[in-house]
Chemist: 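Here it is, the structure, as structure tokens.
Letters A, B, ... are given to chains in the order of the sequence lines, protein chains preceding strands, and every chain is numbered from 1. Just so you know, these numbers come straight off a predicted model, no measurement behind them.
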There are 2 protein chains.
Amino acid sequence: MNTGAKPFTMHDVARLAGVSPMTVSRALNTPERVSPEMLARVREVVRRTNFVPNAMASGLRRARARLVAALLPTLVGPVFQEMVEALDRALHERGYQLMIGQSGYDATREEALLRGIIQRRPDGIILVGAMRSEEGRRALRASGIPVVEAWELTATPVDMLVGFSHAAIGASVVDYLHARGHRCIGMVSAGDQRALTRVNAFAERAQALGITAVAPAFTPAPSTMGAGRAGLAELLARSPQVTAVFCSSDMLALGASIEARERRLAVPKKLAIIGMGDQSVAADAAPPLTTVRIDGTRIGRIAAEMVVARADGQAPGQAVVDIGFSIVERAST
Amino acid sequence: MNTGAKPFTMHDVARLAGVSPMTVSRALNTPERVSPEMLARVREVVRRTNFVPNAMASGLRRARARLVAALLPTLVGPVFQEMVEALDRALHERGYQLMIGQSGYDATREEALLRGIIQRRPDGIILVGAMRSEEGRRALRASGIPVVEAWELTATPVDMLVGFSHAAIGASVVDYLHARGHRCIGMVSAGDQRALTRVNAFAERAQALGITAVAPAFTPAPSTMGAGRAGLAELLARSPQVTAVFCSSDMLALGASIEARERRLAVPKKLAIIGMGDQSVAADAAPPLTTVRIDGTRIGRIAAEMVVARADGQAPGQAVVDIGFSIVERAST
DNA sequence: TTGTATGCGTTATCAG
DNA sequence: CTGATAACGCATACAA
């Protein structure tokens, strides 16, 4: 431990190596511009002392933090995990560090977190979900930091955008179920903005096709298996005639599937179930669950590229990218 | 957007408000020491311009980043979520920001991440799981940054520690199953260090009690439901005589329970299943799963307190805290 | 209560 | 290739 001692800096390394601080800086950042002897001396001292340069100082001087911040609604559940993993990997390859913050679906908290993030002057900010508060949008724009909103398509992005249309998903699922002969369908859904977009599109498309979409059962956050069970129970209590249910996540779908089984409601014969996310649980369930697949890895990679391109001063290839989605058919429908 | 424009600083705010930069700094940090008029003028400009102070500069000057870094093996799954949530909350209350990094159970990556973290000079570092590499331990100690290793008890902590004994869990589960009459038991387990500790203790205790612990089925990371199904299948293929299985996570246990059902193996009559973590899936499953409960919230809170106390220059109350565990009995055993 | 000078640790720039 | 100097944006110490 080094507690209490005054911090060890490049000056100290320089002193011990018998060179100037500038040479230490170069040895660390551009070793090819330092003579082999000097380099060896510096490296030896760095190794011995475990010296690590202070990123606050270098960030201040360079006006680059080599840091990208991601703001997630939640870490719970595997929903965003694939994307975060890809984001992290892509940023690391390019020499950036990822800093993750979770807002917990809470507006006040999101506001505070956003301030904290902007304070650190990251080279980019990735928002999972659109920034809706006008306050937040202003703060982001004023900061001059490149922003990518991910996981959602909106008409008025703060800056860049990579996502997919939740409305299109709602409609497509209705089409899919309609094509399979279902005429009375329902939803078990979370209550966040993106889920609501799907709920509305679901109802509208059903009406357009002339089939019945019963009122959805809303589940509280987080979307657990238990919430899925309770959601299906509520839906069936109200509308026992439904023959198919679209759940807003695979975890809810798994819960619904278990609840159906407990009620001796054969899946898919008596009740078809479709989830969303294509998490591993969907494929592993019994029966395997039909689901809406989102390519989280692709979103993460593209978001990283967008942010890095901007941080390097280039304009991004495209400021808005729709990566679409697909329905993965399995035994539950 | 403000791209390209030179960054807006306190000096600019000061100029616009017609005061000195120092007054702006005080208005932001110690408003009670600024006259109401000045305060109003500064706040007005800050509001209008959306000014946010640069944390790299203030951190450099104060030699405090007001940042705590947490290093997790993974974000996947709900295992650490309760702890992270509590950690985040406790730190926020005390004016610190939490920065999360995931090492992905990969040593090289962990090394790089650790460097990146130390560079930013956080006021504390929380490690989930013990730091095993000697390199990493040295780097941590040399940094002088307070460190808390969490989720595990080890004989030689780098600094502070809050966790529970994985060996004690392995032994307790054997005792529990033994008391219920089981004489041939097995495990479906992940292969990480902590899981292995439980595996070994499980085998030892079984031997001490004179009952049979068959060789465990190891599952690949991440611990999904599918891995649990496959794990149980493998175990039963090798050792069909087992009457109870301890799974190293609730997700694995859920998978095992589904696999058992598919094989018409009644739970718990023919096969008892016990999970670990007490995630919501455990209670929501059918049948509800017996599990080992860890108080992640408590770990998170204590870790935050330890780190903050040290950052404030105090010695922590206790440098090592064992928070224990409990077995939650449900219908699967 | 407000302002001025100074330095935090690093690197861009320019001189040798 | 190496070193001296200054500056990044902010807050501590001190002066007015």
Chemist: Closer than 4.0 Å, any side-chain N/O of A/Thr23 to the OP1 or OP2 of D/dG3?
Modeler: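 It does, given that an N or O in the side chain of A/Thr23 lies less than 4.0 Å from OP1 or OP2 of D/dG3.
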Chemist: What is the distance from CE of B/Met10 to C1' of D/dA11, rounded to the nearest Å?
Modeler: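 In whole Å, D/dA11 C1' and B/Met10 CE are 8 Å from each other.
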Chemist: I'd like to know if A/Arg61 reaches the base of C/dT10 with its side chain such that a donor and an acceptor end up less than 3.5 angstrom apart.
Modeler: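 Result: no qualifying N/O pair found.
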Chemist: So, is A/Ser25 close to the C/dT10 phosphate, meaning a side-chain N or O under 4.0 Å from OP1 or OP2?
Modeler: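 No, outside the criterion.
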Chemist: What nucleotide, of D/dG9, D/dA11, C/dT2, holds the atom closest to the side chain of B/Asn54?
Modeler: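 The answer is D/dG9, which lies nearest to the side chain.
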Chemist: Is a side-chain donor or acceptor of B/Glu149 paired with a backbone partner of B/Met131 at a separation under 3.5 angstrom?
Modeler: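 Pair found, side chain donor or acceptor close to backbone of B/Met131.
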Chemist: Using heavy-atom distances to pick each residue's nearest nucleotide on DNA chain C, tell me which of B/Glu32 and B/Arg121 is more 5'.
Modeler: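 Per heavy-atom nearest nucleotide, the more 5' residue is B/Glu32.
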Chemist: Taking the side chain of A/Pro53 as heavy atoms from C-beta outward, which of D/dA11, C/dT10, D/dG3 is closest to it?
Modeler: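 Among D/dA11, C/dT10, D/dG3, the one nearest the side chain of A/Pro53 is C/dT10.
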Chemist: Between A/Met56 (CE) and D/dA11 (C1'), how many Å, whole number?
Modeler: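 A/Met56 atom CE is separated from D/dA11 atom C1' by 13 Å.
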Chemist: Would you say B/Arg94 has more than 12 foreign heavy atoms packed within less than 6.0 Å of its CZ?
Modeler: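 Enclosed: over 12 neighbouring heavy atoms sit under 6.0 Å from CZ of B/Arg94.
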Chemist: Find the distance A/Arg64:CZ to C/dA12:P and express it as a whole number of Å.
Modeler: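 A/Arg64 atom CZ is separated from C/dA12 atom P by 11 Å.
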Chemist: When you get a sec, tell me which of D/dA4, C/dT11, C/dT2 is the closest nucleotide to the side chain of B/Ser35?
Modeler: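 Nearest nucleotide to the side chain: C/dT2.
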Chemist: Looking at B/Thr9, does any N or O in its side chain come under 4.0 Å of the phosphate oxygens OP1/OP2 on D/dG9?
Modeler: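 No, B/Thr9 has no side-chain N/O under 4.0 Å of OP1/OP2 on D/dG9.
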Chemist: Grab the CZ-P distance between A/Arg33 and C/dA12 for me, whole Å please.
Modeler: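 So the CZ-P distance, A/Arg33 to C/dA12, works out to 9 Å.
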Chemist: Taking everything shown except A/Arg64 itself, do over 12 heavy atoms lie less than 6.0 Å from its CZ?
Modeler: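 It does: A/Arg64 CZ has more than 12 such atoms within range.
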Chemist: Write down the atom of A/Leu60, the atom of B/Met56, and the distance for their closest heavy-atom approach.
Modeler: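 Minimum heavy-atom separation between A/Leu60 and B/Met56: N-SD, 4.0 Å.
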Chemist: Which nucleotide wins on minimum distance to the side chain of A/Met22, given the candidates D/dT2, D/dA13, D/dA4?
Modeler: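 The answer is D/dA4, which lies nearest to the side chain.
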Chemist: Consider the side chain of B/Met38, meaning its heavy atoms from C-beta on, and name the nucleotide among C/dA12, C/dT2, D/dA11 that approaches it most closely.
Modeler: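 The answer is C/dT2, which lies nearest to the side chain.
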Chemist: Would you kindly give the CD1-to-C1' distance between B/Ile118 and C/dT10, to the nearest whole Å?
Modeler: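 Rounding to the nearest Å, CD1 of B/Ile118 and C1' of C/dT10 are 18 Å apart.
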Chemist: For the pair made of CZ in A/Arg66 and P in C/dT11, what is the distance, rounded to whole Å?
Modeler: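 Going from A/Arg66 (CZ) to C/dT11 (P), I get 12 Å.
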Chemist: Sub-3.5 Å donor-acceptor pair from the side chain of A/Asp12 to the main-chain atoms of A/Thr9, do we have one?
Modeler: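 Confirmed, A/Asp12 side chain pairs with A/Thr9 backbone.
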Chemist: Using atom CG of A/Leu60 as one end and atom P of C/dG7 as the other, report the distance to the nearest whole Å.
Modeler: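 Going from CG in A/Leu60 over to P in C/dG7 covers 17 Å.
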Chemist: Rounded to whole angstroms, how far apart are CG on A/Asp12 and C1' on C/dC8?
Modeler: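 Going from A/Asp12 (CG) to C/dC8 (C1'), I get 13 Å.
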Chemist: Report yes if a donor N or O on one partner sits less than 3.5 Å from an acceptor N or O on the other, where the partners are the side chain of B/Arg26 and the base of C/dG3; otherwise report no.
Modeler: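 Side chain to base: pair present.
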